Amino acid sequence: MTSSSELTANNKASDQFDTLQTFLFEKSQIRGEIVLLDTAWQTILERKSYPPIIQKHLGEMVAAGALLSATLKFDGTLIIQAQGTGLVRLIVVECNMNLDIRATVKLAKDIDPAMIYDDSTLSELINPDGQGKLAITLDPKNRQDGQQAYQGIVPLMLGGKPITSIAQAVTAYMNYSEQLETHILLSSNDTHAGGILIQKLPNIGGKTSSTPIDHDELSEDWNRVMMMVNTVKDEELLSTPPTVLMQRLFLDEANYQGVRGFPLRHVHFACQCSREKVGNMMLMLGKDEVAEILAEQQQVETTCDFCGQVYLFDLVDCQQLFAAENLVDKMRPPQGKH
């Protein structure tokens with residue numbers, strides 16, 4: 001059990017950003033995480049320019065992606081998608097177990113920026129008809145033949161009312177799809193994105209069969225921790241290193257029930273796009289469709305939505321691509337651009 005003094009001493013790198021702090025309330029078996037991103041978030045923003053309110057919702061989903069990915073117990077990628085029929089058609093964040101993260105937004109065609117208000121809620125931007133959905137996919141890195149990625153989907157509605165924020169959407173997903181009682185705060189601006197997540201563990205540990213579980217006490221612990229989390233303001237969440245914020249919030253709680261802080265983890269921007277993956281996509285399009293593009297444009301050009309990398313395939317590249325039995329061995333190295 002970690003005392004308040006030990007909590008202060010843990011994780012000397014607490015002055016760093018792009019970090020995620022995981023912790024556990026040992027007596028009540030509540031787990032938690034705090035994340036604060038700066039360089040990783042700014043790198044995502046450098047790839048594309050978004051209206052401020054869309055940028056805000058994207059930053060909150062990026063923070064949520066890091067928080068949820070830190071709970072993964074498998075080698076793979078967590079993908080969060082909010083999709084609908086509004087001015088924003090899709091917000092997607094991908095993060096793997098190493099906390100390599102990337103994100104993008106797809107807007108409706110020919111939208112008028114005047115239609116996007118600075119106080120637009122998530123439902124107003126993405127779910128005007130009430131048919132929007134939040135999907136979370138767990139995609140194993142080395143998927144076996146016939147193995148499907150796990151996906152859970154919930155509507156962007158709660159109790160007949162539209163969900164207005166990323167935090168509300170993720171909370172609804174965890175509570176109803178995963179049946180894990182979860183509370184989450186998220187915030188972002190043009191330099192930082194951050195979040196706090198607390199979650200009841202599905203099985204109460206530290207209890208023997210001869211020791212009755214005091215459910216009222218556990219409920220009080222949960223409510224008390226949740227109230228502490230709710231005292232955090234956006235400015236504090238976006239400027240305080242995770243370990244410092246953990247200590248500030250839970251110093252008294254550490255003396256009461258023990259708070260175990262785990263080593264800091266670092267979050268990085270990383271894109272998994274590659275020439276090989278683009279080639280595989282072209283193989284799926286088929287030889288005839290690729291030939292039509294070549295006839296019209298003399299080359300096939302595609303740009304990664306996540307990082308902006310441009311991939312070019314000329315006639316010779318495409319001929320080798322469709323003739324190859326092994327894409328990796330026989331694809332010609334790129335000339336100039338990727």
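One-based numbering along the sequence shown. Being a predicted model, the structure only gives us computed values, none of them experimental.
- The shortest distance between side-chain heavy atoms of Ile163 and Asn127 does not fall below 4.5 Å.
- Minimum interatomic distance between Thr191 and Gln42 (heavy atoms only, all atoms of both residues): O-NE2, 3.0 Å.
- Of the inter-residue distances, the one linking Thr39 atom OG1 with Ile44 atom CD1 reads 11.5 Å to the nearest 0.5 angstrom.
- Here the closest heavy-atom approach between residue Asp100 and residue Ala270 is recorded as CB-CB, 3.7 Å.
- Between the side chain of Asp75 and the backbone N or O of Lys141 there is no donor-acceptor pair closer than 3.5 Å.
- Scanning both residues, Leu186 and Leu237, for their nearest heavy atoms gives C-CD2, 4.2 Å.
- Residues Ile196 and Leu245 are in side-chain contact: their nearest non-hydrogen atoms beyond the backbone lie under 4.5 Å apart.
- The OG1 atom of Thr182 lies 11.5 Å from the CD1 atom of Ile30; values are rounded to the nearest 0.5 Å.
- In terms of modelled atom types and a separation under 3.5 Å, the side chain of Gln21 and the main chain of Val35 share no donor-acceptor contact.
- Considering only heavy atoms from C-beta on, Gln29 stays 4.5 Å or farther from Leu218 through its side chain.
- Residues Ile136 and Leu197 share a hydrophobic cluster, clusters being chains of Ile/Leu/Val/Met/Phe/Trp/Tyr side chains in contact below 4.5 Å.
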Can you give each donor-acceptor pair under 3.5 Å made by side-chain atoms of residues 284-297, sequence neighbours left out, with the distance rounded to 0.1 Å?
none

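- At a threshold of 4.0 Å, the pair Arg275-Asp317 counts as salt-bridged, since one of the basic side-chain nitrogens sits closer than that to a carboxylate oxygen.
- At a cut-off of 3.5 Å, with distance as the only test, no side-chain donor of Ser188 or Glu60 sits close to an acceptor on the other residue.
- Hydrophobic side-chain contacts under 4.5 Å tie Leu238 to no other Ile, Leu, Val, Met, Phe, Trp or Tyr residue.
- Ile153 and Val93 fall into different hydrophobic clusters, where Ile, Leu, Val, Met, Phe, Trp and Tyr residues are linked whenever their side-chain heavy atoms come under 4.5 Å apart, directly or through other members.
- Of the inter-residue distances, the one linking Leu180 atom CG with Asn175 atom CG reads 8.5 Å to the nearest 0.5 angstrom.
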task = Please step through side chain to side chain contact (heavy atoms under 4.5 Å, CB included) for the pair Leu68 and Met174, ending with a clear verdict.
result = CA-CA 10 Å; Leu68 295 182; Met174 298 305 297; 4.1 Å; yes
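- Distance alone, capped at 3.5 Å, places no donor-acceptor pair between the Ser123 side chain and the Pro162 backbone.
- To the nearest 0.5 Å, atom CG of residue Asp38 and atom OG of residue Ser239 are 12.0 Å apart.
- Contact check for Asp314 versus Gln298: no side-chain heavy atoms found under the 4.5 Å cut-off.
- For Tyr173, there are no ring pair (Phe, Tyr, Trp, His ring centres under 6.0 Å) partners, not counting sequence neighbours.
- In this model, a donor atom of one side chain and an acceptor atom of the other lie less than 3.5 Å apart for Asn230 and His183.
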Which atom pairs, one a donor and one an acceptor, fall under 3.5 Å between side chains of residues 106-117 and the rest of the protein, sequence neighbours left out?
from, atom 1, to, atom 2, distance (Å)
Asp112, OD1, Ala114, N, 3.0

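- Distance check, rounded to the nearest 0.5 Å: CG of Leu185 to CG of Asp234 gives 8.5 Å.
- Between Thr22 and Arg31, some side-chain heavy-atom pair lies under the 4.5 Å cut-off.
- Considering every non-hydrogen atom in both Phe250 and Val229, the closest pair reads CZ-CG2, 4.1 Å.
- Taking the side chain as every heavy atom from C-beta outward, Gln168 and Thr171 never approach each other to under 4.5 Å.
- Under the ring pair (Phe, Tyr, Trp, His ring centres under 6.0 Å) criterion, His192 pairs with Phe17, not counting sequence neighbours.
- Looking only at side-chain heavy atoms (C-beta outward), His266 and Leu99 stay at 4.5 Å or farther from each other.
- Between the Ser177 side chain and the Gly152 main chain, no donor and acceptor come within less than 3.5 Å of each other.
- No side-chain heavy atom of Val267 sits under 4.5 Å from any side-chain heavy atom of Trp41.
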key: Derivation of the side chain to side chain contact (heavy atoms under 4.5 Å, CB included) call for Asn98 and His268   = CA-CA 9 Å; Asn98 297 319; His268 313 272; over 6 Å; no
Can you give each donor-acceptor pair under 3.5 Å made by side-chain atoms of residues 79-91, sequence neighbours left out, with the distance rounded to 0.1 Å?
from, atom 1, to, atom 2, distance (Å)
Thr85, OG1, Asp129, OD1, 3.3
Thr85, OG1, Asp129, OD2, 2.9
Arg89, NE, Gly86, O, 2.8

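- For OH of Tyr176, the number of neighbouring non-hydrogen atoms (other residues, nucleotides, ligands) closer than 6.0 Å is 12 at most.
- Residue Ala167 comes nearest to Ile184 through the heavy atom pair O-CG2, 3.4 Å, listed as atom of the first residue, atom of the second, then distance.
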request  = Go through the steps for Thr19 and Thr243 under the test side chain to side chain contact (heavy atoms under 4.5 Å, CB included), then give the verdict.
outcome  = CA-CA 9 Å; Thr19 54; Thr243 300; over 6 Å; no
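- Annotation: the span from Glu181 atom CD to Ser219 atom OG amounts to 8.0 Å, rounded to 0.5 Å.
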request  = I would like to know whether Asp18 and Phe269 meet side chain to side chain contact (heavy atoms under 4.5 Å, CB included); could you show each step before the answer?
outcome  = CA-CA 10 Å; Asp18 285 324; Phe269 171 82; over 6 Å; no
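- Nearest approach of Gln309 to Cys273, heavy atoms of both residues: CB-SG, 4.3 Å.
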